[in-house]
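Structure, as structure tokens:
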Amino acid sequence: MKEATYTWELKKKALPSIEFLKTLKQEKLSPLIGEFLWQRGIQTTHEMQKFLHPQLEDLHDPFLFFDMQRTAKRIKDATTNNEKILLYGDYDADGMTGVTLLKEALESIGAKVSYYLPNRFTDGYGPNIDIYKYFIKQQKVQLIITVDNGVTGIEAIDYAQKMGVDVIITDHHELPKDLPKAYALIHPKHPKGNYPFKELAGVGVAFKLACALLGEVSLELLDLVAIGTIADMVPLIDENRILTFFGLKTIRCSQRIGLIELMKIASIDQKAVTEDNVSFWLAPRFNALGRLKDPNPAVELLSTFDFEVAETLAKDIQKINEERKKLVEKIVKEAMEVLLEQPEDAIQIIAKTNWNTGVLGIVASRILKKTGKPTFVFAIDEKGKAKGSARSVKALNLFSALDAHRDLFLSFGGHHMAVGATLLVENLDKLRQILKEYIISEKIDLRKDKILKIDSVLTSNELTLEFAKELKMLAPFGRENDKLIFSLKNPYIQDVKTVGINNQHLKLTHIEDDLPLDIMAWGLGPLAKEFISGGELSIAGEFTLNEWNGQKKAQFTLTDFAVEGVQFFDLRGKQGMRFLPTEKALFLLNHKKNLKFLTGVAKEDILFLPEKEKIITWKKENASYNLVIVDIPDDAKELQQLVQESSFDRVYFLGLSLDEAYIEGMGSREQFAMLFKFIKQYRKVDIRHKFRETARYLKLPVRLFIFMVKVFEELDFVTIVNGVMEVVDKPVHRSLTESILYQKRKKQIEQETFFLLNDSKTLMNWFYESKAKEELK
């Protein structure tokens with residue numbers, strides 16, 4: 001059996017009201033879609049209409065932000081007075097798009113604007129006093145507007161204000177207790193504000209400022225809002241849903257040549273862009289720039305009108321993204337090795353020298369995905385500082401856990417699921433202790449995140465293209481509007497292929513009623529054999545509409561799977577040794593000559609077929625459910641009985657046969673007659689030195705020739721002395737079947753024919769056939 005990674009929990013069936021179902025029918029949607037909406041708290045006709053048909057008119061008035069009136073006036077005065085305005089952003093996709101958006105909005109009202117995105121390595125996150133000094137003194141900047149940062153920049157902002165340069169903060173990150181004394185603070189969670197929606201991304205806040213300045217909702221800026229909002233993983237509800245919904249539409253017909261070039265390189269069909277394309281393909285490329293290099297070219301790419309510049313920048317970003325991927329793989333491997341050397345803990349803190357701090361957030365995410373545990377990854381520098389990132393699970397709010405301990409850090413910031421921090425190496429143990437105590441005091445159960453909520457159990461006939469189209473009406477999906485997860489029992493998997501670089505992914509084909517359905521299993525390439533190993537397969541994942549080049553097809557994307565009952569892994573063939581279990585297993589041998597294939601396997605894990613009691617004892621002592629049958633048995637029934645009695649859940653069948661007698665056969669009567677005639681003719685034959693030449697002359701395979709000679713010797717047709725075979729005069733007439741060797745080879749061929757020529761299903765059924773019959777009685 002193969003256990004699921006998560007504990008599957010089926011959601012309670014929703015019972016929508018009659019009125020709700022009537023509206024659903026008018027929308028031409030199935031009752032199942034109604035259940036999903038009802039489960040998500042959308043339970044009135046009005047709420048359904050707003051959710052299914054987002055309207056720009058439902059966006060909130062930007063002047064509901066605290067300080068927005070004052071901010072808009074200050075910027076317009078700066079424009080009128082021809083003041084130099086600096087946009088100071090962040091080095092991630094949210095900051096990049098926010099700066100680009102505000103730059104275009106300010107330019108459209110005639111402002112004199114420049115921008116700067118800080119370098120992660122030289123400037124750090126947020127307002128940097130040295131950078132502020134440069135722009136104020138050297139560039140004569142008179143107004144600074146932060147984008148996607150600022151609430152933690154007390155020192156730099158105080159300096160600017162004292163120098164007579166106003167700073168307007170636009171930010172969405174968690175607010176510290178002490179706020180900077182800026183000219184204005186535009187923040188959805190402003191302590192003196194009452195803005196209706198608190199979860200805007202940095203680009204969303206910038207967009208609201210742009211709307212206030214322009215006096216309208218600028219549709220051509222919504223592509224940038226969608227990219228930044230999706231990339232920052234804020235909840236895709238309320239305003240964020242509206243902005244992303246129309247933003248994706250804008251991307252599909254966008255004229256931004258830089259964005260178009262980047263989509264081409266990422267193999268994204270522009271006309272069918274989805275939130276997944278942005279999340280998995282576009283955002284990582286923008287973020288790669290900020291993680292490894294200077295982030296400012298991203299703004300140039302998004303705003304340029306020069307085709308050559310767009311093409312060059314898109315290619316440069318692609319190269320940096322490839323570099324980022326290799327770097328992440330390397331650090332993840334090293335981080336996992338560090339983790340193995342540490343005591344197991346509920347929260348993982350990993351630190352090492354010579355790691356690139358720009359990718360540690362991705363590394364933390366990868367390790368979280370592998371282990372299911374909140375993870376901190378720090379790079380230690382030569383000054384004894386540990387700088388890094390952390391990723392958490394829903395059950396643990398990292399920002400809340402650490403906000404009261406800011407004195408522990410040299411710098412700290414973030415939100416519920418992700419934080420960035422710098423502290424002295426000697427404080428890492430204290431950090432670990434603080435988190436342990438917080439989990440205990442708040443009674444946080446981290447195991448809750450190992451639960452996979454199943455929205456519905458579907459049957460194969462429900463996985464239709466029409467249903468996939470209906471589900472798309474619930475998009476865009478994201479936080480607080482998660483994709484629906486469905487389970488499917490006993491899918492009929494007819495084809496399993498590994499795809500992608502290094503075959504790391506799987507593409508399965510489920511077929512019922514001659515209708516194929518693609519099932520994608522990302523990152524599960526090494527587990528290909530699990531899907532053709534027998535047992536009762538259950539899968540859980542997303543059912544989506546896949547669009548490419550105008551073609552639409554339904555697709556299932558695997559999140560988790562399980563196999564109940566016995567699994568039989570057919571490893572026959574040259575590649576079989578590659579797929580042996582890496583965990584504890586018993587290796588069962590029939591012939592000692594095949595020991596040479598088990599180099600590296602512990603002696604205590606290798607037993608021989610007749611040793612039944614030892615095998616059952618080994619199973620009890622090792623609590624392992626893996627059995628590897630190495631070679632073809634002499635007695636098939638004996639092997640069958642042992643497999644059934646020892647109750648192994650996972651049986652791997654290599655089926656090695658060095659002789660492969662079934663290929664050469666027994667030797668026909670004509671071949672035996674020809675050999676005997678040859679011996680009588682030549683009387684004496686030197687088979688010690690000339691057996692190959694003799695076999696070749698008789699047109700017999702060497703091993704078959706040797707077998708036939710041994711049969712003749714056993715039946716006293718010939719004698720062999722010192723390697724010379726001589727015919728026996730007037731031998732007693734005997735049948736070939738009287739030879740023990742002959743009978744043994746006959747049985748060997750029968751065994752090999754059965755075990756090597758039958759398909760996997762037949763073999764598996766045979767192994768458990770008698771047991772199944774007994775259970776049916």
Side-chain angles (χ1 to χ4, degrees), residues 1-6 8 280 325 329 332-333 336 366 369-370 452 460 463 485-512 516-544 546 553-585 587 597 624-630 648-656 755-756 758-765 767-768:
M1 63 181 294
K2 162 70 172 67
E3 292 184 354
T5 302
Y6 300 91
W8 297 7
F280 297 118
K325 287 194 284 187
E329 292 301 325
V332 166
K333 183 180 178 183
M336 291 301 293
R366 294 279 182 89
K369 189 174 181 180
K370 285 175 181 284
L452 183 65
S460 292
L463 299 174
I485 300 293
F486 302 106
S487 68
L488 179 65
K489 204 169 183 65
N490 282 329
Y492 188 38
I493 305 297
Q494 281 205 342
D495 192 23
V496 179
K497 290 180 181 176
T498 53
V499 295
I501 300 170
N502 300 322
N503 295 314
Q504 75 268 45
H505 309 305
L506 282 179
K507 182 179 181 182
L508 317 174
T509 304
H510 160 70
I511 298 180
E512 188 161 305
L517 173 69
D518 288 342
I519 301 174
M520 295 305 302
W522 304 109
L524 296 185
L527 300 181
K529 287 285 181 182
E530 299 284 351
F531 295 91
I532 50 173
S533 62
E536 192 172 90
L537 175 66
S538 296
I539 63 173
E542 303 160 6
F543 185 59
T544 56
N546 186 15
K553 62 187 296 189
Q555 178 177 288
F556 198 97
T557 303
L558 205 71
T559 302
D560 198 9
F561 75 101
V563 184
E564 295 180 15
V566 176
Q567 288 178 274
F568 181 81
F569 298 88
D570 183 359
L571 304 186
R572 294 174 294 178
K574 293 180 180 179
Q575 302 298 316
M577 298 292 289
R578 291 173 51 207
F579 299 102
L580 290 174
T582 54
E583 61 272 23
K584 192 76 170 175
F587 290 78
F597 292 102
S624 171
Y625 49 84
N626 295 297
L627 172 68
V628 180
I629 302 170
V630 178
F648 284 93
D649 292 332
R650 294 164 71 85
V651 177
Y652 298 79
F653 186 70
L654 272 171
L656 299 181
F755 284 108
L756 298 179
N758 274 309
D759 60 32
S760 300
K761 191 172 183 181
T762 300
L763 278 184
M764 181 181 173
N765 289 340
F767 269 109
Y768 295 96

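We find the CD-CD distance between Gln555 and Glu542 to be 10.0 Å, quoted to the nearest 0.5 Å. Distance CZ/Arg366 to CE/Met336: 12.5 Å, rounded to 0.5 Å. The CZ atom of Phe568 lies 10.0 Å from the CG atom of Asn765; values are rounded to the nearest 0.5 Å. If you take NZ on Lys497 and OG1 on Thr509, they are separated by 6.5 Å, rounding to the nearest 0.5 Å. Residue Leu488 holds its CG atom at 7.0 Å from CD1 of Ile519, rounded to the nearest 0.5 Å. In this structure, the separation between CD1 on Ile493 and OG on Ser533 is 11.5 Å, given to the nearest 0.5 Å.
The aromatic rings of Phe486 and Phe543 stand perpendicular to each other, their planes meeting at an angle above 60°, with 30° marking the opposite boundary.
Side-chain contact between Leu506 and Val499 is absent, with no heavy-atom pair separated by less than 4.5 Å. Gln494 is not listed as a side-chain neighbour of His510, based on a closest heavy-atom distance of 4.5 Å or more. Val332 is listed as a side-chain neighbour of Lys370, based on a closest heavy-atom distance under 4.5 Å. With a 4.5 Å cut-off on side-chain heavy atoms, Leu571 and Lys529 count as touching.
The ring pair (Phe, Tyr, Trp, His ring centres under 6.0 Å) check on Phe556 picks up nothing, with sequence neighbours excluded.
Here the closest heavy-atom approach between residue Ala585 and residue Val628 is recorded as CB-CG2, 4.3 Å. Residues Val630 and Leu654 approach most closely at O-CB, 3.4 Å, considering heavy atoms. Contact detail for Leu452 and Ala540: the closest heavy-atom pair is CD2-CB, 3.9 Å. Across every non-hydrogen atom of Gly655 and Leu756, the tightest pair is O-CD2, 3.4 Å. In this structure, Trp8 and Ser538 approach most closely via the heavy-atom pair CH2-O, 3.6 Å. Contact record, Lys2 with Gln567: N-OE1, 3.1 Å, taken as the closest heavy-atom pair.
None of Phe569, Phe755, Phe587, Phe648 except one satisfies the ring pair (Phe, Tyr, Trp, His ring centres under 6.0 Å) rule with Phe653; the exception is Phe755.
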**Asked** For Phe561 and Leu508, what are the C-alpha separation, side-chain angles and deciding distance, and is it a side chain to side chain contact (heavy atoms under 4.5 Å, CB included)?
**Response** CA-CA 13 Å; Phe561 75 101; Leu508 317 174; over 6 Å; no

**Message:** Between Thr559 and Thr557, does the side chain to side chain contact (heavy atoms under 4.5 Å, CB included) criterion hold? Intermediate values first, please.
**Reply:** CA-CA 7 Å; Thr559 302; Thr557 303; 6.0 Å; no

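Judged by distance alone, with hydrogens and angles left aside, the side-chain atoms of Arg650 form no donor-acceptor pair with the main-chain N or O of Val566 at under 3.5 Å. Put simply, the side chain of Asp560 gets close to the backbone of Tyr6: a donor and an acceptor are under 3.5 Å apart. With His505 contributing its side chain and Ala521 its backbone, the two residues share no donor-acceptor pair below 3.5 Å. With hydrogens and angles ignored, the 3.5 Å screen pairs a side-chain donor or acceptor of Asn626 with a backbone N or O of Lys584.
Other residues, nucleotides and ligands contribute more than 12 heavy atoms inside 6.0 Å of the CD atom of Glu583. Other residues, nucleotides and ligands place no more than 12 heavy atoms under 6.0 Å from the CG atom of Asn502.
Using a 4.0 Å cut-off between charged nitrogen and carboxylate oxygen, Asp570 and Arg572 count as a salt-bridge pair.
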